[in-house]
Amino acid sequence: MGDVTNRGTNNVMNSLPDGWGKDDSDHDDVVAAECVGGVEIRAIAEGEIAEWDRAFRLGFLRPHVGSAEESWRLRYEPGRLLAAVDGGRHVATFRSFDVELTVPGGATVQADAVTNVTVSATHRWRGLLSRMMSRDLSAARERGVPVAILIAAEYNIYGRFGFGPATRGHGWNIDLHRTRGLREGLPTVPGGRIDFLTTEELRKVGPELHDHWRLGQPGAIARDEFWWKLSTGEITVPGFGDWKEPFAALHRDAEGNATGLVVYRIDTSWDGSYPNSTLTVVDFLAHDRATATALWRFVLSVDWVRTVVAENIGPDDPLPLLLQDPRAATPHVDNADFTWLRVLDVEAAFNARTYGAPGRIVLEVEDRDGYAAGRWAIETTADGTGHCARTTDQGDLALDASALGTLYLGGETVPRLAAASLVTELRPAAATAADLLLRTPLLAWNPDSF
């Protein structure tokens with residue numbers, strides 16, 4: 001998560017700390033430090049993880065009930081865990097790691113994922129976050145990483161660093177007494193079947209299923225081995241809730257190939273003598289619509305369940321339209337911005353994605369940090385490929401780096417940003433023309449906190 005008022009996760013299998021789990025490292029490096037008002041900002045050494053963990057928990061208002069030092073060691077990368085240190089005490093934390101991000105068209109780019117950002121209440125408004133962010137983004141650009149991403153707990157913090165909301169969380173609450181299940185005549189998988197998985201089985205089949213799914217969903221990010229271990233309880237972290245084993249059901253086609261997965265938990269309750277339980281879907285992966293239909297039909301038929309909560313599914317997922325009574329699906333409360341994105345290399349980022357129509361548009365971008373500043377011509381062809389390069393031509397649209405990040409994955413429309421005065425038309429009808437180019441078949445969506 002991005003800052004100290006973490007609003008929680010949307011689609012993880014339990015209450016996990018954000019962004020845990022990556023490759024092991026036995027380095028003990030410290031890169032050059034800098035001072036801000038007498039406070040030292042630097043990368044921490046591996047031997048300082050315990051102190052860093054204490055500061056992180058303090059910033060996220062978590063009780064320090066036990067050390068998570070061993071878990072952090074599995075995430076440690078030299079130079080990627082930063083701290084602000086005042087008199088030997090860690091008063092701010094910052095971490096980043098590189099992760100694959102799917103862009104429109106199915107290609108992936110490396111993204112600098114920013115997380116675990118805290119500043120102690122005793123050291124706010126001293127520029128500590130600004131210096132840590134500046135240091136990290138500069139290093140990411142030097143590594144050739146074209147974008148940075150984060151999840152912002154508070155809306156008004158990260159726009160000033162050039163980040164813009166790029167995906168939204170979206171979900172539904174479904175009253176089963178009102179909907180009476182799915183419509184008849186929906187696609188089916190002849191010979192398909194659904195079986196429950198143990199957590200050990202989930203760790204084996206889940207990664208391949210997810211890797212196949214994420215390449216078709218712009219905005220999705222890769223899950224590493226540690227993510228699956230945390231999500232299935234092989235590793236737990238003190239102070240971040242008691243892990244409870246979820247239910248996991250796998251869909252296979254007639255040939256036995258895994259084509260979908262649903263993971264859910266059930267809060268059992270009774271209304272007198274009548275069951276009144278809530279089933280909450282926390283992970284849902286389907287390779288095709290027929291598999292998705294089979295999994296939803298299964299979920300909506302679980303005994304004792306009165307309400308199904310799909311915490312976070314794609315914002316354009318047709319789930320309500322599959323129901324016999326679509327009015328039985330009401331919006332989940334947390335339908336809000338989720339992943340934020342910052343473009344660091346305009347050419348590399350926009351050359352990686354595909355486009356919705358042939359044409360040409362010139363974007364005039366204002367960026368106080370310089371990464372995306374200038375005029376950029378995007379030329380696209382009928383097959384969806386495009387080319388982005390600097391130009392001296394007159395701009396068609398004017399926008400800042402934050403709006404550029406919002407538009408990159410296709411999670412927002414250009415006319416809507418123009419109507420909100422976040423994009424300015426420099427040529428009549430330029431917003432409509434740009435929208436045709438940037439539009440994607442699927443809205444950007446990321447189900448995973450980090």
For this session: Applying side-chain hydrogen bond (donor to acceptor under 3.5 Å, both in side chains), run through Thr118 and Thr93 and close with a yes or a no.
Result: CA-CA 5 Å; Thr118 72; Thr93 64; 2.7 Å; yes
For this session: Kindly indicate, with the supporting measurements, whether the criterion side chain to side chain contact (heavy atoms under 4.5 Å, CB included) is fulfilled by Leu261 and Leu197.
Result: CA-CA 10 Å; Leu261 170 73; Leu197 299 176; 4.0 Å; yes
Exercise. When you look at Leu409 and Leu443, which way does the side chain to side chain contact (heavy atoms under 4.5 Å, CB included) test go after all the steps?
Worked result: CA-CA 8 Å; Leu409 293 176; Leu443 292 178; over 6 Å; no
Problem set entry | Criterion ring pair (Phe, Tyr, Trp, His ring centres under 6.0 Å) on Trp172 and His170, from CA distance to verdict | CA-CA 7 Å; Trp172 299 98; His170 193 82; 5.2 Å; yes
For this session: Could you walk me through whether Trp445 and Phe338 pass the ring pair (Phe, Tyr, Trp, His ring centres under 6.0 Å) test, one step at a time?
Result: CA-CA 9 Å; Trp445 177 53; Phe338 194 58; 9.2 Å; no
For this session: May I have the step-by-step check of side chain to side chain contact (heavy atoms under 4.5 Å, CB included) for Leu399 and Leu422, ending in yes or no?
Result: CA-CA 7 Å; Leu399 65 164; Leu422 294 171; over 6 Å; no
For this session: In sequence, state the C-alpha distance, the side-chain angles, and the governing distance for Phe94 and Arg135, and then conclude on side chain to side chain contact (heavy atoms under 4.5 Å, CB included).
Result: CA-CA 11 Å; Phe94 188 108; Arg135 181 185 184 121; over 6 Å; no
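Taking 4.5 Å as the limit, some side-chain heavy atom of Ile378 sits within range of a side-chain heavy atom of Tyr355. Contact of the Leu344 side chain with the Val147 side chain is not registered, since no non-hydrogen atoms from C-beta on lie closer than 4.5 Å. A 4.5 Å side-chain heavy-atom check between Val263 and Val281 finds every atom pair outside the cut-off. Inter-residue side-chain proximity for Pro218 and Val103 is flagged as unmet; no heavy-atom pair is nearer than 4.5 Å. For the pair Leu300 and Leu182, the minimum side-chain heavy-atom distance is below 4.5 Å. Put simply, the side chain of Tyr264 reaches to within 4.5 Å of the side chain of Val302, judged on heavy atoms. Leu101 places a side-chain heavy atom less than 4.5 Å from the side chain of Leu341. No side-chain heavy atom of Leu250 sits under 4.5 Å from any side-chain heavy atom of Ile194.
Although no hydrogens or angles enter the test, the distance criterion places no donor-acceptor pair under 3.5 Å between the side chain of Thr188 and the main chain of Pro190. In this structure a side-chain-to-backbone donor-acceptor pair under 3.5 Å is missing from Asn312 to Gly169. Remark: side-chain polar atoms of Asp86 are not paired, donor with acceptor, to backbone N or O of Arg89 under 3.5 angstrom. With hydrogens and angles disregarded, no donor-acceptor distance shorter than 3.5 Å links the side chain of Thr339 to the backbone of Ala166.
For residues 104-131, the pairs satisfying salt bridge (Lys or Arg N to Asp or Glu O under 4.0 Å) are Glu34-Arg131, Arg80-Asp112, Asp112-Arg143, with sequence neighbours left out. Counting only residues at least two apart or on different chains, the side-chain hydrogen bond (donor to acceptor under 3.5 Å, both in side chains) pairs with a member in residues 406-419 are Glu412-Arg416. Residue pairs meeting the side-chain hydrogen bond (donor to acceptor under 3.5 Å, both in side chains) criterion with at least one partner in residues 288-304, sequence neighbours excluded, are Thr259-Thr291, Asp288-Thr291. Residue pairs meeting the side-chain hydrogen bond (donor to acceptor under 3.5 Å, both in side chains) criterion with at least one member in residues 201-219, sequence neighbours excluded, are Glu100-Arg214, Thr198-Glu201, Arg203-Thr232, Arg203-Glu234, His210-Arg223, Asp211-Arg214, His212-His287.
Nearest heavy-atom pair, Val114 versus Phe450, reported as atom, atom and distance to 0.1 Å: O-CE1, 3.5 Å. Val308 approaches Val305 most closely through the heavy-atom pair CG2-CG1, 4.0 Å. Here the closest heavy-atom approach between residue Leu209 and residue Ala258 is recorded as CD2-O, 3.8 Å. Pairing each heavy atom of Ser269 with each of Asn276, the nearest pair is OG-O, 2.6 Å. Here the closest heavy-atom approach between residue Ala83 and residue His90 is recorded as CB-ND1, 3.8 Å. What you find for Leu82 and Trp52 is that their closest heavy atoms are O-NE1, 2.8 Å.
Side-chain atoms of Thr307 and Thr278 include no donor-acceptor pair closer than 3.5 Å. Ser402 and Asp400 form no side-chain donor-acceptor contact under 3.5 Å, judged by distance and modelled atom types alone.
Within a 6.0 Å sphere centred on CZ of Arg178, other residues, nucleotides and ligands contribute more than 12 heavy atoms. When the shell of 6.0 Å around CD of Gln324 is examined, it contains more than 12 heavy atoms from other residues, nucleotides or ligands. Taking a 6.0 Å sphere around CH2 of Trp125, one finds it holds 12 or fewer heavy atoms contributed by other residues, nucleotides or ligands.
Among residues two or more places apart in sequence or in another chain, the side chain to side chain donor-acceptor pair (under 3.5 Å) test is passed with Arg252 by Asp195. Listed by chain and number, the residues in a ring pair (Phe, Tyr, Trp, His ring centres under 6.0 Å) with Phe196 are Phe298 (sequence neighbours excluded).
Expressed to the nearest 0.5 Å, how far CG of Asn116 lies from CG of Leu150 amounts to 11.5 Å. Rounded to the nearest 0.5 angstrom, Leu438 CG and Leu407 CG are separated by 6.0 Å. Here CD1 of Ile149 is found 9.0 Å from OG1 of Thr167. Values are rounded to the nearest 0.5 Å. Here the OG1-CD1 distance, from Thr330 to Ile174, works out to 8.5 Å after rounding to the nearest 0.5 Å. Taking CG from Leu81 and CD1 from Ile44, the interatomic distance works out to 4.5 Å, rounded to the nearest 0.5 Å. Taking CG from Asp53 and CH2 from Trp72, the interatomic distance works out to 7.0 Å, rounded to the nearest 0.5 Å.
In this structure, Arg265 forms no cation-pi arrangement with Phe247, as its terminal cationic atom is not both closer than 6.0 Å to the ring centre and no more than 45° off the ring axis.
Comment: Arg42 engages Glu48 in a salt bridge, judged by a side-chain N to carboxylate O separation of less than 4.0 angstrom. Taking the charged nitrogens against the carboxylate oxygens, Asp136 and Arg141 have no contact shorter than 4.0 Å, which rules out a salt bridge. Ion pairing of Asp367 with Arg342 is present here, as a side-chain N (NZ or NE/NH1/NH2) and a carboxylate O approach within less than 4.0 Å. A salt bridge does not link Lys244 to Asp267: none of the charged nitrogens lies less than 4.0 Å from a carboxylate oxygen.
Asp175 pairs with exactly one of Arg327, Arg180, Arg306 by the salt bridge (Lys or Arg N to Asp or Glu O under 4.0 Å) rule, that one being Arg306.
Ring to ring, Trp340 and Tyr155 are close: their centroids are under 6.0 angstrom apart.
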